[in-house]
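To start, the structure itself, in structure tokens.
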Amino acid sequence: MTTTKPLITIAIDGYSSSGKSSMARQLAKTIGYRYIDSGAMYRAVALYALRHGMIRQDQSVDSASLVQSLPEINISFAINGDRQVTMLNGEDVESEIRAMAVSNCVSPVAAIPEVRHALVAMQQQMGNEKGIVMDGRDIGTTVFPHAEMKVFVNASPQTRAQRRVAELIEKGVQATYEEVLANVINRDHIDETREESPLRKADDAAVLDNSEMTIDQQNEWLLNLYNETIARK
Ligand code: CDP
């Protein structure tokens with residue numbers, strides 16, 4: 001006799017470059033859930049703003065123009081080969097949204113309340129039927145406050161910057177450790193101090209500091225937590 005496991009909602013939040021996206025993606029693959037990278041959605045909006053001259057020299061955003069353009073920004077996900085890619089108005093922008101130019105302006109863009117309201121509504125719609133793993137900054141607190149499983153991931157800024165540089169170099173993207181560390185620290189600050197749904201741990205989230213963990217160890221930790229959560233249902 002086969003028993004069907006109940007579908008749940010899994011929210012994985014944490015600091016920039018903490019490895020949450022790769023562990024979230026891997027868990028979704030293992031358990032056959034849909035995976036959504038909410039950061040990619042904020043990055044796609046930031047790319048749109050960059051391309052349309054809405055980011056000023058000092059990285060501040062022309063928020064009035066961006067808010068007015070929101071109805072023209074269509075974000076979706078598609079499968080390209082064995083990869084899930086981010087689409088902006090029908091164009092695959094997966095590589096472009098990872099560039100430092102986007103990393104440098106994404107947090108100011110993500111701090112605009114109207115941008116957050118639009119993306120949170122889309123994310124909630126995507127999670128309507130459960131069976132989803134979503135990672136970001138406010139998934140367990142704002143997007144899915146009733147998620148059955150919540151994780152908050154952290155690691156030291158130095159560890160996170162080292163990981164991000166290695167990842168960027170592997171993708172052929174130019175970046176120095178100093179530049180990435182400065183970006184990580186700056187985004188942490190903007191994400192934690194913004195008015196609208198700042199980055200913070202949900203009271204009922206399990207905390208994972210993966211500074212000293214290998215990728216396999218963190219994947220195993222997450223899968224164990226999923227199995228425990230399902231067993232309690
Ligand atoms: O670089 P990393 O993978 O850590 O960040 P990301 O997940 O791609 O997210 C990029 C930026 O989008 C973050 O630094 C936040 O400013 C913003 N973000 C957010 O505000 N809320 C989310 N749910 C996800 C991302």
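Start at 1 and go down the list; that is how both ligands and their atoms are numbered. Just so it is clear, the values below take in all heavy atoms, side chains as well, and ignore hydrogens, waters and symmetry mates. Nothing fancy with the numbering, it's 1 onward along the sequence.
Atoms of ligand 1 found under 4.0 Å from any heavy atom of Asp138, numbered from 1 in the order shown, are 21 (N), 22 (C), 23 (N). When each atom of ligand 1 is checked for a heavy atom of Ser16 under 4.0 Å away, the hits are 4 (O). The distance from ligand 1 to the heavy atoms of Asp191 drops below 4.0 Å at these ligand atoms: 13 (C), 14 (O), 15 (C), 16 (O). Residue Ala110 approaches ligand 1 through these ligand atoms, each under 4.0 Å from one of its heavy atoms: 16 (O), 17 (C), 20 (O).
Ion pairing of Asp204 with Lys150 is present here, as a side-chain N (NZ or NE/NH1/NH2) and a carboxylate O approach within less than 4.0 Å.
With values rounded to the nearest 0.5 angstrom, Arg43 atom CZ is found 4.0 Å from Ser103 atom OG. Distance check, rounded to the nearest 0.5 Å: CD1 of Ile185 to CD1 of Ile190 gives 12.5 Å.
For ligand 1, the polar-atom distance check against Arg137 finds a nitrogen or oxygen pair separated by under 3.5 Å. Residue Arg187 has at least one nitrogen or oxygen atom sitting less than 3.5 Å from a nitrogen or oxygen atom of ligand 1, judged on distance alone. Considering backbone and side-chain atoms together, Ser38 places an N or O closer than 3.5 Å to an N or O of ligand 1. Of the N or O atoms in Ser17, one or more lie within a sub-3.5 Å distance of an N or O in ligand 1. By the 3.5 Å distance cut-off applied to N or O atoms, Asp135 is not counted among the residues near ligand 1. Ligand 1 has a nitrogen or oxygen under 3.5 angstrom from a nitrogen or oxygen of Ser107.
For Tyr35 and Gln26, the side-chain atoms include no donor-acceptor pair closer than 3.5 Å. Looking at Ser107 and Arg187, their side chains never bring a donor and an acceptor atom within 3.5 Å of each other. Residues Arg160 and Asn210 bring no donor and acceptor atom of their side chains to less than 3.5 Å of each other. Side-chain atoms of Arg116 and Ser197 include a donor-acceptor pair closer than 3.5 Å.
Residue contacts with ligand 1 for Glu167 are absent, since no atom lies close enough (heavy atoms, distance under 4.0 Å).
Of the protein's non-hydrogen atoms, Arg43 NE, 2.6 Å is the one closest to atom 8 (O) of ligand 1.
In terms of modelled atom types and a separation under 3.5 Å, the side chain of Asp13 and the main chain of Ile139 share a donor-acceptor contact.
Between Gln123, Glu192, Lys20, Arg164, it is Arg164 that holds the heavy atom closest to atom 3 (O) of ligand 1. Considering only non-hydrogen atoms, atom 9 (O) of ligand 1 lies nearest to Gly39 out of Ser197, Gly39, Pro198. Distances from atom 20 (O) of ligand 1 to the heavy atoms of Arg116, Arg98, Arg163 put Arg116 nearest.
Within the structure, ligand 1 has Arg194 among the residues with a heavy atom less than 4.0 angstrom away.
A 4.5 Å side-chain heavy-atom check between Leu223 and Tyr226 finds at least one atom pair inside the cut-off.
Counting non-hydrogen atoms of neighbouring residues, nucleotides and ligands closer than 6.0 angstrom, the CG atom of Asp203 reaches no more than 12 such neighbours.
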